[in-house]
Structures are given as C-alpha cells and as structure tokens.
Peer 1: 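Structure in structure tokens, see below.
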Amino acid sequence: MAPETELAETLAEKLAGRRALIGIVGLGYVGLPLALAAVRAGFPVLGFDTNPERVAALNRGEGAFHHIPGEALGAALRAGAFAATGDLARLDEPDAVLICVPTPLTRHREPDLSYVEATARAVAERLRPGQLVVLESTTYPGTTAEVMRPRLEAGGLRVGREVFLAYSPEREDPGNADFATSQIPKVVGADDPASRRLAGALYGALTVETVPVSTAATAEAVKLTENIFRSVNIALVNELKLVYDAMGIDVWEVIGAAATKPFGFMPFYPGPGLGGHCIPIDPFYLAWKAREFDVPARFVELAGEVNTRMPHHVVERLAAAIDRTGRPVSGARILVLGLAYKRNIEDTRESPSLRLMRLIEARGATALYHDPLVPVLPPTREHSELAGRRSQPLTAETLAGADAVLIATDHDGVDYALVGRHARLVVDTRNVMARHGLAGPTIVKA
C-alpha cells in the first residue's frame, strides 16, 4: 500500500470510529455551531481563536450566542469533548482542521483574505502527514487551490499524498430555528479523490447529507451562487419598492399577494440594506474574480450597488418625514430600533443600522439606538467611532423624547404597540408595525 493510501486509510478509520480530533479555527457564528455539531456527532473538538477574551469565555461556558443554547456548550465542556485555545502551536494536534475565519471586503470592495492567509500560514507551520484541512470561509473560486494549497505545500508535504485539502462552504443561518448545522446538507469539493473522500466522510458524520462536487472551485462557486441569488432578488424588491412607492403602491402588499401563487414566484422582502457576513460581500468577490477572466459580472455588480444604496434611501425618507412635522433633521434625536443585521440575533457585522446611524449624524442629527440583544455596540472595522455606545431603554419616555423612531431590525419580543403609542414618528423599514396591526398618520414605511 502506498504511503499516501496508508495515511488516508488511517484517517478514514479514525473518522469512522469518531476517534479523530477535530480542530476548528475561528469560534464565531460559523465555527462554534460547527464545533458543537461535531461534539454531538461523537468527536472530540479543539477550538482555536485569536481573541483571548473569547477563548476564556468559552472555556467558562459563557461564550454561546443568543441563538445557541448555552447548555450545549456547558455539556460539551463538562464531558471533556470541547476546549478552546489561542495557542496556534497546537494546530498539529487535530486530525482535521476546519477553517472558519472572516473574509471581508477592503474599502475598495476587493477581497480581504488576510485572515485566510494568516491561518493557512499558521496551519502550514505545524502541518503533519495525515491531516485534513478544510476551508469553510466564503470566498471566490480558486482560493483553495491558489491561496491555501501553495502555503500548505511550502514545507514539502503534498496535497492528496501526505496531507489532504478540501473546501466545504458554511451554510449557517443564525437565528433560524428550523435548520441547525447538522440538518443542513453540506457541499464538499476537493481537487483529488482522497481529499474529497475524507472530507465527505467527516461531514457525513456531522450533517444529514453531503453533496460532493468535482473540485474545490466548484464548491466555492456554489456558496457564491447561493448568496448572489439572494442578493439579486433582494435588490430587485428593493428597486421595486422605490418604483411602487413613487406610484403610491405598497410593495409589501404587492409581495404578499404575489406570494399566494403556488408556483413560479418566491417572496423576497425589501429592507434598509444588507448585513451579515455573506450577502453584502459575496457579489463583489465574484465580480472581482470575474475581471481576471475579462468577463463582466454586470448583473451581480448592479445588485450589490442597489443594496448598498438602500441606507441612503431610508435616510432620505426619514428626513422627508421629519420635515413634514415642521422641524429640520439637523438637531433631531433619532432612535434606531434594532442594531443587529437580522432579527433575533446579536450579530452586527455589516449591519445597515450602523450605516444608518452614520448617515443620520452626517445630517447633524443625533442617533441613539435600542436593541435588546446588543447592550453595547462592539468595535467594527468601518464604524469604529460608534463603538461603546449603549442601548437605550425602550420606555415611553425614551420614545417620546425622540423626534423619530427608525425601525431597522424587527426583533421579536419588542413592544411595538408601545412604540406606536408613544413615538412621535415611526419610520418602518421592515413592515413590522403593519404585521402587528398598527397603522396611523405617524407611521411611515421606508
């Protein structure tokens, strides 16, 4: 038996017997649920994170997110099945290393692979024969082959022979109670049969189904396609909102009626802009890569531009509504209701609420916020000046003291009837007031 075959068979046996140690780099909204899914499947897990405060919190059982039951983390710790560390020198310990690090955009809307590259170097420094490395971070087609592989092979080990490399895009939907990590089929792609088989065996133990594809680049393209589909359709309804608003037609009523068609229509909903770690970013990853092949991605880029402009439209609607009350925007106090990028989670990454606050203050107004899941605004790459601001209590006094309430995120559990009773003006970007049966001259849709 060839050495590479022996290494692959040894790892396959460890995976089948749940004896393989799973290492997960990046214990955020993707990495932590994945770690707990691996624990539930019977694997021991060693998590890596460069944030020492997060590592300490997780090891105390305190680092779970709002949508992840803290009991699951506590049980994994008590069983000795999970531990977190910031020591990247321990990357030689896991049999499989799954990389779940951020892939943001630069200020010029180009891919920022600094986290992936740094992690690849750290893994390469400790790489040993028989390890499987899987990139899960959303990225452009070619990243696994062009960025990951050369760094892993720099020390002399060869992918497909001594070590194994695959790409399997994360498919997390934080806050979606209908689909946990283990219930979502997992796409797996690799450029050699051994890597593809081993990655399939790993994820086959973690998830309800694996979907093998021919190459890592194909798997990378799958992830982009999923999110660009959403981006394009959200851009469409955002643009329709502007068109129908000019005609005096309620886009929410239109979508609700159209959604009754049992075929040929899938409802998407407008909002104040896109947020999160995927949909606002992925279209620009593909458009950037497409330029290398002299192929324009005009449709994809247009969707990104439409969605990026939505916070500006919302602030224009807000300003017009305030003007109609007889006072200028400058000097006004605006309470932004909801800071997270989507309902019922605390994730503020790329949240349009942050852009809204900046645009509001650029007009001379004061932007306050209330979010029951974000008591203090964390540091962000693009909005560092907002860090440290605290959520205001949602009381009759707070509402009455604001010149306008701008609903940007429609968390459940918020007393929208209280908002309707005491706010002087409500500008609603999520149609949540109407969903609660609340209407009136002081409620404006945007």
Side-chain angles (χ1 to χ4, degrees), residues 102-110 112 174 227 230-231 234-235 237-239 241-242 269-285 301-322 329-330 332-343 345-371 373-374 376-392 402-411 426-432 444-446:
T103 47
L105 293 170
T106 69
R107 291 186 180 277
H108 300 290
R109 293 184 184 169
E110 295 180 345
D112 177 0
N227 286 334
R230 293 181 65 191
S231 173
I234 292 170
V237 294
N238 276 332
E239 191 163 80
K241 176 175 70 173
L242 304 183
Y269 300 98
L274 293 182
H277 61 291
C278 286
I279 300 178
I281 294 170
D282 294 357
F284 297 106
Y285 264 67
E301 289 186 310
L302 177 60
E305 294 296 336
V306 169
N307 290 326
T308 298
R309 289 295 304 172
M310 288 314 297
H312 295 270
H313 163 75
V314 168
V315 172
E316 289 291 341
R317 289 281 288 172
L318 171 68
I322 293 175
V329 174
S330 179
R333 288 169 58 86
I334 312 300
L335 179 67
V336 177
L337 189 53
L339 204 67
Y341 82 87
K342 64 179 291 189
R343 74 173 67 165
I345 65 171
E346 64 270 73
D347 192 350
T348 60
R349 289 175 297 170
E350 308 294 331
S351 174
S353 297
L354 302 177
R355 179 71 60 83
L356 291 169
M357 291 177 71
R358 288 187 66 179
L359 292 173
I360 287 167
E361 297 199 335
R363 290 177 173 249
T366 299
L368 311 171
Y369 85 90
H370 168 79
D371 192 310
L373 303 181
V374 187
V376 180
L377 207 161
T380 58
R381 281 161 54 101
E382 292 190 9
H383 307 284
S384 57
E385 76 283 359
L386 299 176
R389 297 196 186 187
R390 294 185 174 275
S391 176
Q392 303 298 305
D403 293 287
V405 174
L406 174 60
I407 300 178
T409 310
D410 51 339
H411 289 307
V426 179
V427 178
D428 186 0
T429 71
R430 300 289 188 177
N431 201 42
V432 66
V444 177
K445 296 182 182 183

Peer 1: Which heavy atom in Pro272 sits nearest to a heavy atom in Pro352, and how many Å separate them?
Peer 2: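 Shortest heavy-atom separation between Pro272 and Pro352 comes out as O-CB, 3.8 Å.
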
Peer 1: Please round to the nearest 0.5 Å and tell me the distance separating atom NE2 of His312 and atom CG of Leu359.
Peer 2: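 Answer for the NE2-CG pair, His312 versus Leu359, is 5.0 Å.
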
Peer 1: Between Ile345 and Lys342, which heavy-atom pair has the shortest distance, and what is it?
Peer 2: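 Shortest heavy-atom separation between Ile345 and Lys342 comes out as CD1-CG, 3.2 Å.
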
Peer 1: Heavy-atom distance under 4.5 Å between the side chains of Tyr269 and Asn431, does that happen here?
Peer 2: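 No, side chains not in contact.
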
Peer 1: Using only atom types and a distance under 3.5 Å, with no angle test, would you say the side chain of His370 pairs donor to acceptor with the backbone of Gln392?
Peer 2: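 Yes.
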
Peer 1: Give me the atom names and distance for the closest heavy-atom approach of Lys241 to Gly271.
Peer 2: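 Minimum heavy-atom contact is NZ-O, 3.3 Å.
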
Peer 1: Between Tyr341 and Glu350, is there a side-chain heavy-atom distance shorter than 4.5 Å?
Peer 2: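 Side chain of Glu350 against side chain of Tyr341, heavy atoms only: no contact under 4.5 Å found.
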
Peer 1: Could you tell me which residues satisfy salt bridge (Lys or Arg N to Asp or Glu O under 4.0 Å) with Arg309, sequence neighbours excluded, listed by chain and number?
Peer 2: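 Counting only residues at least two positions away or on another chain, Arg309 forms no salt bridge (Lys or Arg N to Asp or Glu O under 4.0 Å).
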
Peer 1: List in chain and number order the residues that pass side chain to side chain donor-acceptor pair (under 3.5 Å) with Glu305, two or more places apart in sequence or in another chain; answer none if no residue qualifies.
Peer 2: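 Residues passing side chain to side chain donor-acceptor pair (under 3.5 Å) with Glu305: Arg109.
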
Peer 1: So, applying side chain to side chain contact (heavy atoms under 4.5 Å, CB included) with Pro270, which one of Val237, Ile234, Leu242 is it?
Peer 2: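 With Pro270 as partner, side chain to side chain contact (heavy atoms under 4.5 Å, CB included) holds for just one option, Val237.
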
Peer 1: Do you know the tightest heavy-atom contact between Val374 and Ser391?
Peer 2: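 Between these two residues, the closest heavy atoms are O-CB, 3.6 Å.
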
Peer 1: If you round to the nearest 0.5 Å, how far is CZ of Arg430 from CG of Asp410?
Peer 2: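 If we round to the nearest 0.5 Å, Asp410:CG and Arg430:CZ are 5.5 Å apart.
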
Peer 1: Could you measure the distance from the CG atom of Leu368 to the CG atom of Leu406? Nearest 0.5 Å is fine.
Peer 2: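 So the CG of Leu368 and the CG of Leu406 are separated by 12.0 Å.
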
Peer 1: Under 3.5 Å, is there a donor-acceptor pair between the side chain of Asp403 and the main chain of Arg333?
Peer 2: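 At least one qualifying donor-acceptor pair exists.
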
Peer 1: Tell me whether Arg355 contacts the main-chain N or O of Gly273 through its side chain, where contact means a donor paired with an acceptor under 3.5 Å.
Peer 2: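 No: the side chain of Arg355 does not pair with the backbone of Gly273.
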
Peer 1: Working to the nearest 0.5 Å, report the span between OG1 of Thr106 and CG of Asp112.
Peer 2: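 Answer for the OG1-CG pair, Thr106 versus Asp112, is 7.0 Å.
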
Peer 1: Do other residues, nucleotides or ligands put more than 12 heavy atoms under 6.0 Å from the CZ atom of Arg349?
Peer 2: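 Yes, the 6.0 Å shell around CZ holds more than 12 heavy atoms from other groups.
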
Peer 1: Do Ile334 and Leu356 have side-chain heavy atoms sitting under 4.5 Å apart?
Peer 2: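 Not touching, per the 4.5 Å side-chain cut-off.
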
Peer 1: Looking only at heavy atoms, which two atoms of Arg343 and Thr409 are closest? And how far apart?
Peer 2: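 That closest heavy-atom pairing would be N-CG2, 3.7 Å.
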
Peer 1: Looking at Tyr285 and Thr103, would you say the former's side chain and the latter's main chain have a donor-acceptor pair under 3.5 Å?
Peer 2: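 Yes, Tyr285 side chain to Thr103 backbone: donor-acceptor pair under 3.5 Å.
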
Peer 1: Any side-chain heavy atom of Leu386 within less than 4.5 Å of one from Tyr369?
Peer 2: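 No, their side chains stay 4.5 Å or more apart.
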
Peer 1: How far does CG of Leu339 sit from OG of Ser351, to the nearest 0.5 angstrom?
Peer 2: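 One finds 5.5 Å between CG of Leu339 and OG of Ser351.
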
Peer 1: Roughly how far, to the nearest 0.5 Å, is CG of Asp371 from CG of Leu337?
Peer 2: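 These two atoms lie 8.0 Å from each other.
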
Peer 1: Would you call Thr348 and Leu377 a side-chain contact if the rule is heavy atoms closer than 4.5 Å?
Peer 2: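 No, too far: nothing below the 4.5 Å cut-off.
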
Peer 1: Mind checking side-chain contact (heavy atoms from CB on, under 4.5 Å) for Ser231 and listing every partner two or more places apart, or none if nothing turns up?
Peer 2: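 Per chain and number, Ser231 pairs via side-chain contact (heavy atoms from CB on, under 4.5 Å) with Leu274, Ile279, Pro283, Ala303, Asn307.
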
Peer 1: Taking all non-hydrogen atoms of both residues into account, name the closest pair between Ala367 and Arg389 and its distance.
Peer 2: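 Taking Ala367 first and Arg389 second, the nearest heavy atoms are O-NH1, 3.2 Å.
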
Peer 1: Does atom CZ (Arg317) have a neighbourhood of more than 12 heavy atoms from anything else shown, all under 6.0 Å?
Peer 2: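 Above 12, so yes.
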
